[in-house]
2 protein chains.
Amino acid sequence: MNDSKEHIVLVASKLFLQKSFKEVTMSELVKATGLSKGAFYHYFVSKEQLFMEVLDFFFTSVMTHRYEKYSRESFYQFYHDYANEIYEYGKKYLDRFELDENDCDLSQNYFTLAFDALKLFPEFKEKMIAGLKLELDIWTEVIKNAREKGEIQCLMTDEQIARTFINLSDGIAMHMVIKGSTIMEMVPPFMELWDKLYEMMKA
Amino acid sequence: MNDSKEHIVLVASKLFLQKSFKEVTMSELVKATGLSKGAFYHYFVSKEQLFMEVLDFFFTSVMTHRYEKYSRESFYQFYHDYANEIYEYGKKYLDRFELDENDCDLSQNYFTLAFDALKLFPEFKEKMIAGLKLELDIWTEVIKNAREKGEIQCLMTDEQIARTFINLSDGIAMHMVIKGSTIMEMVPPFMELWDKLYEMMKA
DNA sequence: TTAATTAAACCGAACATTCGGTATGTTAAC
DNA sequence: GTTAACATACCGAATGTTCGGTTTAATTAA
């Protein structure tokens, strides 16, 4: 991709994480990029197309888990690797968007960005649901192995355990977002609960 | 409050639950109410004021828990009462906004409404945080009693248990929202997990 | 090496439309 | 005849987009 185009996408990502699609103005965007309206429409046919490319960039490049990197030896190692990756996200995120810790109340908008995407592009919904399903399946598989190996034992089914861990972290993330916390600050709170849950299930 | 004004707030609530503050336009709103711009500005000084009144209506009248109504006898009863109230919400909600089950993919926007509120009215943040804190405190108190009475026993502290239950349900709600579920449909999924968690802690 | 040609990159004023908001009515009740 | 409850026509500012143009870079010809 062209340098300028990439630059526009990056700058736009930052803006779309702070404001909704509607709230981000072309003049604002153009000003933030340092380029002109003409330059913008040289690379994009519309504001909508830019938004789509931002979504693609964000959800397939910034916000994806690389499950294959996480340990499958033990459930304990797996969820620690998982949490660690989220933490690394946080740093990469701040770095990528050149934010210091002070002005990153924008972490909030991972959620609003997602909701905005769902509203504007209904086809995005299937993608997201598929992503959630995949995540659940992987967790379930890991937990199944852990149980078979005798690492854990629990009244819950494998999938119930998986849902408990995943949804718990998402719920905490939402609460933290309301409070204006950064992604990195989210990890310890749910790690604390994850570890306790794990302890309760340890064989 | 005047009939017309109340009507405007109700119609506006429905719209603000589907779209963001910016996305809802005056013409759209006026058309939806069946009244005119003159009528609107007779009752409200601005779109912002309306939004504030909608927030007040929604978060203090529709979306509040009446904790005093929940049983404090047992933790089990408490969280069942809690879940039941959410379910009743759902019905009241659909009823209040005159929706049938088909067109209520708008349940989504409880979250976006809240985020929108946070962005527009920073003072709303303190209110929400205070609300979350209150909720956590009440849960913690109930759990403390349950433990003292020998109803439950658990490795976690009282507050950790409370956070686990609360955040878990919020996380599930968010997932369901992405999938386009209604509020009522959210209850069984987290009830299933709550019951299992409870079973794990039952003395 | 340089001049000529072409294409890509970029600019910014101007466009039609839509936005939230206002000014000026009209009507009916008391 | 005053006032509350609306309706209608209208305003200026802001919106996303277009378009005629300029600058810059790459390519070719002399």
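Naming convention: chains lettered A, B, ... in sequence-line order (proteins, then strands); numbering from 1 in each chain.
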Report task. Please state how far atom OH in B/Y41 lies from atom C1' in D/dC11, giving the value in whole angstrom units. Result -> 13 Å

Result block: side-chain N/O donor-acceptor pairs under 3.5 angstrom for residues 136-143 of chain B, not counting sequence neighbours:
unit_1	atom_1	unit_2	atom_2	d
B/D137	OD1	B/K133	NZ	3.3
B/D137	OD2	B/K133	NZ	2.8
B/T140	OG1	B/L136	O	2.6

Query raised in the report: Do A/F16 and A/F58 have ring centroids that are under 6.0 Å from one another?
Result: no

Requested in this report: Take atom NZ of A/K47 and atom C1' of D/dT18, then tell me their distance rounded to the nearest Å.
Outcome: 17 Å

Requested in this report: For the pair B/K144 and B/E148, find out whether any cationic side-chain nitrogen is under 4.0 Å from an anionic carboxylate oxygen.
Outcome: yes

Requested in this report: Please round to 10 degrees the angle between the axis of the first five pairs and the axis of the last five pairs in the helix from C/dT1-D/dA30 to C/dC30-D/dG1.
Outcome: 10°

**Report entry** Distance in angstrom units between B/H7 NE2 and D/dA5 C1', rounded
**Finding:** 15 Å

Report task. In plain terms, say whether A/E123 and A/K127 are close enough for a salt bridge, that is, a side-chain N and a carboxylate O under 4.0 Å apart. Result -> no

Report task. Please report the C-alpha distance between B/F59 and B/F124 in whole Å, then the side-chain angles of each, then the deciding distance to 0.1 Å, and finally whether the ring-ring contact (aromatic ring centres under 6.0 Å, His included) criterion is met. Result -> CA-CA 11 Å; B/F59 286 105; B/F124 203 77; 5.5 Å; yes

Query - N-O pairing of B/K196 and B/E192 below 4.0 Å - result: no

Report task. Specify the separation, in whole Å, of atom CG of B/N2 and atom C1' of D/dC6. Result -> 11 Å

Report task. Figure out the NE2/C1' separation between A/H42 and D/dT22, and round it to whole Å. Result -> 14 Å

Query - Validation row, ring centre B/Y82 to ring centre B/F165 under 6.0 Å - result: no

Requested in this report: Could you tell me whether B/K179 and B/E185 make a salt bridge, using a distance below 4.0 angstrom between a side-chain N and a carboxylate O?
Outcome: no

Requested in this report: Check each residue of residues 23-37 of chain A for a non-hydrogen atom within less than 4.0 Å of any atom in DNA chain C, then write out the ones that pass by number, or none.
Outcome: A/L35, A/S36, A/K37

Query raised in the report: On DNA chain C, which is the earliest and which the latest nucleotide, 5' to 3', with an atom closer than 4.0 Å to a heavy atom of chain B?
Result: C/dC19 to C/dT22

Query raised in the report: Sequence neighbours excluded, which residues qualify as ring-ring contact (aromatic ring centres under 6.0 Å, His included) partners of A/Y67?
Result: A/H65, A/Y70

Query raised in the report: Among all residues two or more places apart in sequence or in another chain, which pass the side chain to side chain donor-acceptor pair (under 3.5 Å) test with A/D81?
Result: none

Requested in this report: Would you mind telling me which of A/F75, A/F78, A/Y79, A/Y76 makes a ring pair (Phe, Tyr, Trp, His ring centres under 6.0 Å) with A/W194?
Outcome: A/Y79

Report task. Describe the nucleic acid contact of B/Y43 in one word from base, sugar-phosphate, nothing, applying a heavy-atom distance below 4.0 Å. Result -> sugar-phosphate

